[in-house]
Protein chains: 2
Amino acid sequence: MATEGMAGLAKGLAVLEAFGASAPRLSISEAARATGLSRATALRCLNTLAELGYVAFDGKFFTPTPRVLRIGATYGETAALPQLAQPHLSAIREAIDESTSLAVRYETDSLFVARSEGARLLNTGVRVGARLPLYASSTGQVLLGSLTDSELSDYLATTEFTARTSHTPTTADAVAERIEAARTDGMAISNEELEPGLLSIAVPVLDPAGHIVAAISVSASTSRVTVDELRDRVAPVMQRHATALGRQL
Amino acid sequence: MATEGMAGLAKGLAVLEAFGASAPRLSISEAARATGLSRATALRCLNTLAELGYVAFDGKFFTPTPRVLRIGATYGETAALPQLAQPHLSAIREAIDESTSLAVRYETDSLFVARSEGARLLNTGVRVGARLPLYASSTGQVLLGSLTDSELSDYLATTEFTARTSHTPTTADAVAERIEAARTDGMAISNEELEPGLLSIAVPVLDPAGHIVAAISVSASTSRVTVDELRDRVAPVMQRHATALGRQL
DNA sequence: AAACACTGTTCGTTTTGCGAACATATGTTT
DNA sequence: AAACATATGTTCGCAAAACGAACAGTGTTT
C-alpha cells in the first residue's frame, strides 16, 4: 500500500461490522464467509475482539458486547450535530407524539445519528447507527438533494433499486422524481415505500452555507396518521426545529 | 501471546477509544500519548481508520465520523436487552416526564445501553455508550449489588473513590453502605453525588434467576423534583417496568 | 536566534500474521 | 452403523507487515 497502515485493524473492524440484525451471532466459518477472510484470520480477529471484551464467546458463537457502544459513543461524545439535535428531536417528539430521528448521508445509505423514541411502538429497526437505503427512505430522498448533478447521475446509474414494498420507487426516473419533489417541497413523504403500514416524513437541515447536512424524520403508522396530517400538522413543527438546529451549526 | 491474535486491531481500537468528550479531536502526538503507542504506530492506526472512513482528518487533527456508530449498532441490533428495554424507557419517560436510561456493569463503570431523553434539558453527558463510575452513580450503586462478597471486597479495595461533588461517597465504608441500602430498599437515590443539582434514582432489573443484570435510572434537577417525589411517585413506575422487563429476558 | 514541540518520512530490523494442511469433533443423511 | 458434510483447533515455515529511532522540515514560543 502507498502508506503503511494496519491491515489487521481493517480486518477486525470488518468482522465487527459483519454482526447485525441479520447476523446477531456468528461462528468462525460464518464470520469468514461474511468478510471474505480465511477461517484462521477470522478466528484471530474474533479472539482478539473477545480478549478485549468487544465480543463474547459461548463455545461456538461470538456475539457483540456492550463494550462496542464505547466505539459508537466516540462520535456522540465529540460531534456537535447529534448533541445539538437531541433537544430538538425531544421537542418534536413531545409535540407530535411519534418517534423522530436525525440522519446523515453515508455512502448509499441514510445513517441515523440521533433518535427520540415515541411511546407508540413501531418496529422499524431504526436506532442510532442503523442504516436505510437512500432511495427507499424519506430521509434519503431529502439527503440525495445535496448531491451535485454528476454525483446524482452516478448514484442513479450505479444503484440497484430493490423493492421493499410495492410502493418503493424502483426506476432511476421514479427516484429522481422523488428527489426533485423533495427539493421543491422542502420535505419528502414516504407512504409505505420502505415498509407496509409505515408513513414517514423528512425535512432537511441546512448549514449556514445552505447545504443539506442532515435530515430530520418522523415515522408513524398509516393506521394512526394520514399524509395530509403529516404535511399540515407535523411538517411545520419539524421545519421550525430543523431551521433552529441549522442556525446552531 | 498464548494464542495468535491481531495486535494491530487492539492498537487501533485503543486509538479509537481515546476519542471522547475530553478529547473530541486528536493529533498524532496526542493519540500516541493517550494510548502509550509510538507516534509512528499511532499514525498508522489513524491512517487506516481514516482510509476506512471511521475518522476524518483536517490536515492536523483526526475526529470520529458517523461510521463509528455502525460499530456501536452491532450491539443494539443484536442484543435483546436494549431492544426489549426501549419501550419501557419510553413509557417511563412518558409517565414521569424526565430522561431515563438503562445501564449495565462494565468493569468499574455503569455503561449506558439504552436511553430515552425527556424534553427538559439536563446536561449530564449521559448517552448510549457513556460510562459513569459505579460508586458515584445511582445505577452503579444498584449494579454493585450483583457482586459476590469477595468481588465487592476486591472492588472496594482497588477503587479510588474520587469526589465528584461534596456529596460523593469517598470511603469504602460509605460506598458499601450505599450498596447495602440499595439492596435493602430495592433502589438507590443519588442526591448531588455525581453532579451539583442532579438527582437520580435507579432500580434493578432482575433476570428470571433473580440476578441483577441491569439498572434503570431517572435523572432530574433538584430544582424540579424532591427525593420524596422520586421515592413515592417515580420509583413505583420504574419498578413496575423493571419487573416487566425482567420477565421478558 | 535559539529552543521547543510537532509532523512527515525513511528503512533496516524484528515481529506478526498468514493460510494450507492435518487431525478431530459434531451433526446429518443413508 | 456407516458414510458424508461441515465445522473447529492447531501447526509452522515463511513472507509481509509493522516497528520505531533517526532525520529533516515547519511553526511557535522565549
Side-chain angles (χ1 to χ4, degrees), chain A residues 1-65 67-68 71 74 78, chain B residues 1-65 67-68 71 74 78:
Chain A
M1 58 168 59
T3 61
E4 257 185 44
M6 292 292 218
L9 172 58
K11 290 167 182 164
L13 289 167
V15 167
L16 255 186
E17 288 215 41
F19 291 96
S22 58
R25 63 182 195 178
L26 291 169
S27 68
I28 296 157
S29 296
E30 287 167 344
R33 271 197 298 279
T35 54
L37 299 169
S38 77
R39 231 183 9 88
T41 299
L43 176 60
R44 290 187 182 96
C45 290
L46 287 163
N47 278 345
T48 296
L49 289 169
E51 278 165 31
L52 296 171
Y54 292 98
V55 299
F57 184 49
D58 70 2
K60 184 172 168 66
F61 292 106
F62 294 85
T63 50
T65 69
R67 181 166 182 174
V68 297
I71 303 294
T74 61
T78 58
Chain B
M1 57 172 55
T3 62
E4 252 185 48
M6 292 294 219
L9 173 58
K11 290 167 183 166
L13 290 168
V15 168
L16 254 187
E17 286 214 43
F19 291 96
S22 58
R25 63 182 196 177
L26 290 169
S27 68
I28 296 157
S29 295
E30 287 167 343
R33 266 197 301 280
T35 54
L37 298 170
S38 76
R39 230 180 15 87
T41 300
L43 176 60
R44 291 186 183 96
C45 292
L46 287 164
N47 278 347
T48 297
L49 289 168
E51 277 166 31
L52 297 171
Y54 293 98
V55 298
F57 183 50
D58 70 2
K60 183 171 169 64
F61 292 106
F62 294 85
T63 49
T65 70
R67 183 167 179 172
V68 296
I71 303 293
T74 61
T78 58

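Below, read A as the first sequence line, B as the second, and so on, with proteins coming before strands; counting in each chain starts at 1.
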Could you tell me whether the side chain of A:T63 reaches within less than 4.5 Å of the side chain of B:T78, counting heavy atoms only? no
Is A:K11 near enough to C:dG17 that one of its side-chain N or O atoms lies under 4.0 angstrom from OP1 or OP2? no
Check the distance between D:dT8's P and A:L37's CG and give it to me in whole angstrom. 15 Å
Ignoring hydrogens and angles, write down the donor-acceptor pairs under 3.5 Å from the side chains of residues 14-29 of chain A, residues two or more places apart or on other chains.
{"residue": "A:E17", "atom": "OE2", "partner": "B:Y54", "partner atom": "OH", "Å": "2.5"}
{"residue": "A:E17", "atom": "OE2", "partner": "B:R67", "partner atom": "NE", "Å": "2.9"}
{"residue": "A:E17", "atom": "OE2", "partner": "B:R67", "partner atom": "NH2", "Å": "2.9"}
{"residue": "A:S27", "atom": "OG", "partner": "A:E30", "partner atom": "N", "Å": "3.2"}
{"residue": "A:S27", "atom": "OG", "partner": "A:E30", "partner atom": "OE1", "Å": "3.4"}

All N/O contacts under 3.5 Å from nucleotides 2-9 of chain C to the protein, with atom names and distances to one decimal?
{"residue": "C:dT7", "atom": "OP1", "partner": "B:S27", "partner atom": "OG", "Å": "3.4"}
{"residue": "C:dT7", "atom": "OP2", "partner": "B:S29", "partner atom": "N", "Å": "3.0"}
{"residue": "C:dT7", "atom": "OP2", "partner": "B:S29", "partner atom": "OG", "Å": "2.2"}
{"residue": "C:dG8", "atom": "N7", "partner": "B:R39", "partner atom": "NH1", "Å": "3.4"}
{"residue": "C:dG8", "atom": "O6", "partner": "B:R39", "partner atom": "NH2", "Å": "2.7"}

On DNA chain C, does the nearest nucleotide to B:R44 precede the nearest nucleotide to A:R44 from the 5' side, or the other way round? Give the residue. B:R44
A:T41 side chain near A:K11 side chain, heavy-atom distance below 4.5 Å: yes
To the nearest 0.5 Å, how far apart are CE in A:M6 and CZ in B:R44? 7.0 Å
Reckon B:S38 has a side-chain N or O less than 4.0 Å from the OP1 or OP2 of D:dC19? no
Say you draw a straight line from CG of A:L52 to OG1 of A:T48; how long is it, rounded to the nearest 0.5 Å? 6.5 Å
Whole-Å distance between C:dT16 C1' and A:M6 CE? 11 Å
Calculate the interatomic distance between A:F61 atom CZ and D:dT8 atom C1'; express it in whole Å. 12 Å
Minimum heavy-atom distance between A:V55 and A:L46, given as atom pair plus value: CG2-O, 3.9 Å
In whole Å, I'd like the distance from the CG atom of A:N47 to the C1' atom of D:dT10. 12 Å
